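What you see is a predicted model, and the numbers here were worked out from it, not measured in a lab. Order of listing sets the numbers, starting from 1, for every ligand and every atom in it.
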Amino acid sequence: MNRTSDVIVIGGGVIGCAIGYELARRGARVLIIEMRQAGLGATQASAGMLAPYIEGRAGGALLQLAARSLAIYDEFVPQVSADSGVEIEYLRPGTLQVATDEQAASALSEEASRLVATGVAARFVGPPELAETEPLLAPDIVGGLLVPSHGYVRAGAMTSALEAALVRHGARFEIGRVLEVVRGGGCLRVKMEAAHFDARTVVLAAGSWSGRVQIENVAAVPVRPVRGQLVQLESPAPLLRHVIWGPDCYLVPWADGTLLVGATSEDAGFDERATAAGVRDLLEAVCELVPHAWQAGFTGVRVGLRPATPDELPIVGASARLPGLVYATGHYRNGILLAPLTARLVAALILEEHADPVPELSPQRFGEL
Ligand SMILES: Cc1cc2nc3c(=O)[nH]c(=O)nc-3n(C[C@H](O)[C@H](O)[C@H](O)COP(=O)(O)OP(=O)(O)OC[C@H]3O[C@@H](n4cnc5c(N)ncnc54)[C@H](O)[C@@H]3O)c2cc1C
């Protein structure tokens with residue numbers, strides 16, 4: 001086997017696969033090293049929600065990056081689908097963030113005005129219209145903020161498509177755990193237990209496990225796991241028309257009647273087990289918002305470890321300590337949303353002289369990386 005590539009990507013989650021795809025599509029020889037199977041980390045648990053104006057409400061870099069990435073989605077999904085031959089369910093039905101008391105409703109109404117003032121289509125939906133907009137919502141819901149540009153993608157389908165597209169573009173996958181990255185004769189050497197591979201550039205995209213990969217003479221990247229549990233229900237037809245964001249859970253209705261109910265947020269180290277408490281809390285929360293959900297079938301629970309950084313922004317950029325090493329990790333709650341933009345930023349950094357660095361994502365904000 002050829003042990004030398006242009007780029008080695010460590011980690012086959014949505015971030016590693018999207019970066020590998022963008023590089024391979026543009027002619028680079030790419031090897032992805034994944035310790036389990038592509039997409040089985042945080043990515044498989046994701047709700048695939050694409051909602052910058054909820055997730056990035058605090059403003060700042062996350063909002064800008066998330067909106068930028070969402071704008072790429074309309075082009076990204078058809079391209080990956082065409083390159084792979086895999087269909088990807090990607091819809092933009094809008095989000096409806098709901099309020100259960102007057103005070104919360106008035107905050108949502110103000111938020112609608114604020115969004116409109118910044119050029120984002122949004123509106124507050126009050127009681128008579130609310131029942132027509134989402135007929136199965138609980139009667140005690142007093143209003144909602146509708147953002148029509150928001151949507152979702154089925155993250156599993158997108159990762160499978162990326163994997164197939166990668167292979168079609170000549171990329172290779174190697175299954176095994178990367179232990180260490182070291183310098184080695186004009187390139188970087190990626191060491192596994194019983195093998196090693198060389199490349200000019202190595203991208204560290206190992207999600208929550210990124211800090212566990214040893215990098216020669218460089219401190220561990222500060223990423224910690226935040227466990228998320230998500231339950232999956234099914235009914236013969238979709239219960240909802242929009243993605244719903246409630247006070248204690250969010251709901252993503254797929255076209256086939258599947259309803260995703262997310263998500264817990266727990267400090268549980270690297271424990272990827274589901275818990276009775278997590279499932280109970282999510283089931284109670286969904287049935288409070290949509291009483292019909294008590295009748296839905298229960299088809300499973302998924303668990304993932306969101307990769308969180310100290311400031312909750314991703315780390316994307318070149319190492320200042322080890323030439324050839326690039327970080328692409330720490331996407332926390334928004335890795336699916338941010339994948340297309342991250343792939344473009346990293347591909348530009350590696351393949352073009354005029355890269356588009358985003359200072360807020362610089363690895364060096366956390367010291368000597
Ligand atoms: C319950 C839940 C709901 C979510 N909902 C949303 C959402 O609605 N929208 C959104 O945008 N985001 C959402 N997220 C966040 C999103 O899933 C993550 O940000 C994203 O999946 C991170 O992708 P990643 O590729 O960085 O990490 P991962 O998917 O975890 O991939 C990292 C990969 O690296 C591999 N790896 C690790 N160490 C090594 C090693 N040493 N050698 C080789 N391989 C290694 C792992 O096996 C893994 O496959 C959610 C997450 C959870 C848990």
*asked:* Considering non-hydrogen atoms of the protein only, which is the closest contact for atom 45 (C) of ligand 1, and what is the distance?
replied: M35 CG, 3.6 Å
*Should you measure from each heavy atom of G176, which atoms of ligand 1 turn up under 4.0 Å away?*
42 (N), 43 (C)
*Starting from atom 31 (O) of ligand 1, find the nearest protein heavy-atom neighbour and note its residue, name and distance.*
G13 CA, 3.4 Å
*Short N/O distance, under 3.5 Å, between G228 and ligand 1?*
no
*Shortest non-hydrogen contact from R365 to T309?*
NH2-OG1, 4.2 Å
*Give a yes or no on whether the backbone of G39 and the side-chain of T159 come within a donor-acceptor separation of less than 3.5 Å.*
no
_If only side-chain N and O atoms count, and only distance matters, is there a donor-acceptor pair under 3.5 Å linking T342 with H331?_
yes
*asked:* Between E110 and R57, is the salt bridge (Lys or Arg N to Asp or Glu O under 4.0 Å) condition met? List the steps.
replied: CA-CA 13 Å; E110 279 168 28; R57 185 153 295 162; over 6 Å; no
*Where ligand 1 meets G41 - atom numbers and elements under 4.0 angstrom, heavy-atom basis*: 29 (O), 30 (O), 49 (O)
*asked:* I'd like to check whether E34 has a polar contact with ligand 1, where a contact means an N/O of the residue lying under 3.5 Å from an N/O of the ligand.
replied: yes
*Protein residue, atom and distance nearest to atom 28 (P) of ligand 1, heavy-atom basis*: A42 N, 3.6 Å
*With heavy atoms under 4.0 Å as the rule, classify the contact between V213 and ligand 1 as side chain, backbone, both or neither.*
side chain
*Without hydrogens or angle criteria, can the side chains of E89 and Y152 be said to hold a donor-acceptor pair below 3.5 Å?*
yes
*Please assess R302 against Q44 for the test side-chain hydrogen bond (donor to acceptor under 3.5 Å, both in side chains), listing each intermediate value before the final yes or no.*
CA-CA 8 Å; R302 303 200 230 140; Q44 54 71 42; 5.2 Å; no
*Going by the order shown, which atoms of ligand 1 are within less than 4.0 Å of some heavy atom of I33?*
43 (C), 44 (N)
_Given V346, which partner from the list I15, V316, V7 fulfils the side-chain contact (heavy atoms from CB on, under 4.5 Å) test?_
V316
*asked:* Is there a side-chain contact between R183 and L322 in this structure, where contact means two heavy atoms from C-beta onward sitting under 4.5 Å apart?
replied: yes
*Is the shortest N/O to N/O distance between L338 and ligand 1 below 3.5 Å?*
no
*ligand 1 contact by A45, heavy-atom criterion under 4.0 angstrom*: yes
*Search all heavy atoms of A51 against all heavy atoms of T95 and return the closest pair with its distance.*
CB-CG2, 4.2 Å
*Which ligand 1 atoms are under 4.0 Å away from a heavy-atom of A47?*
3 (C), 4 (C), 5 (N), 6 (C), 8 (O)
*asked:* Between ligand 1 and V14, is the shortest N or O to N or O distance under 3.5 Å?
replied: yes
_Closest protein heavy atom (residue, atom, distance) for atom 40 (C) of ligand 1_ = V178 N, 3.6 Å
*Answer with side chain, backbone, both or neither: which part of R333 has a heavy atom less than 4.0 angstrom from an atom of ligand 1?*
backbone
*asked:* Between T275 and Q229, is there a side-chain donor-acceptor contact under 3.5 Å, judged purely by atom types and distance?
replied: yes
*Of all the non-hydrogen atoms in the protein, which one sits nearest to atom 24 (P) of ligand 1, and at what distance?*
I15 CG1, 3.8 Å
*Is E34 reaching over with its side chain to a backbone N or O of R36, donor-acceptor style, under 3.5 angstrom?*
yes
*Taking only heavy atoms of Y250 into account, list the atoms of ligand 1 that are under 4.0 Å away from them.*
3 (C), 4 (C), 5 (N)
*Nearest neighbour in protein (non-hydrogen) for atom 9 (N) of ligand 1*: M49 O, 3.0 Å
*Give yes or no for whether the N/O distance cutoff of 3.5 Å, strictly under, is met between G304 and ligand 1.*
no
*asked:* As an exercise, identify every atom of ligand 1 less than 4.0 angstrom from a heavy atom of G48.
replied: 7 (C), 8 (O)
_Checking a contact table here: which protein heavy atom is nearest atom 27 (O) of ligand 1, and how many Å away?_
G207 CA, 3.6 Å
*With a cut-off of 4.0 Å, which atoms of ligand 1 are near a heavy atom of H331?*
19 (O)
_Min side-chain heavy-atom separation V261-Y250 under 4.5 Å_ = no
*asked:* Just to check, does T329 reach to within less than 4.0 Å of ligand 1 when the distance is taken from its heavy atoms?
replied: no
*Identify, by atom number and element, the atoms of ligand 1 in contact range of R177, meaning under 4.0 Å from any of its heavy atoms.*
41 (N), 42 (N)
*asked:* Would you say that R273 contacts V303 through its side chain, given a criterion of any heavy-atom pair below 4.5 Å between the two side chains?
replied: no
_Give me the nearest non-hydrogen protein atom to atom 19 (O) of ligand 1 as residue plus atom name, then the distance to 0.1 Å._
Y332 O, 2.8 Å
*asked:* Tell me which pairs pass ring pair (Phe, Tyr, Trp, His ring centres under 6.0 Å) where either residue lies in residues 272-306, with sequence neighbours left out.
replied: none
*What pairs meet the ring pair (Phe, Tyr, Trp, His ring centres under 6.0 Å) rule with one or both residues in residues 59-112, with sequence neighbours excluded?*
Y73-Y90
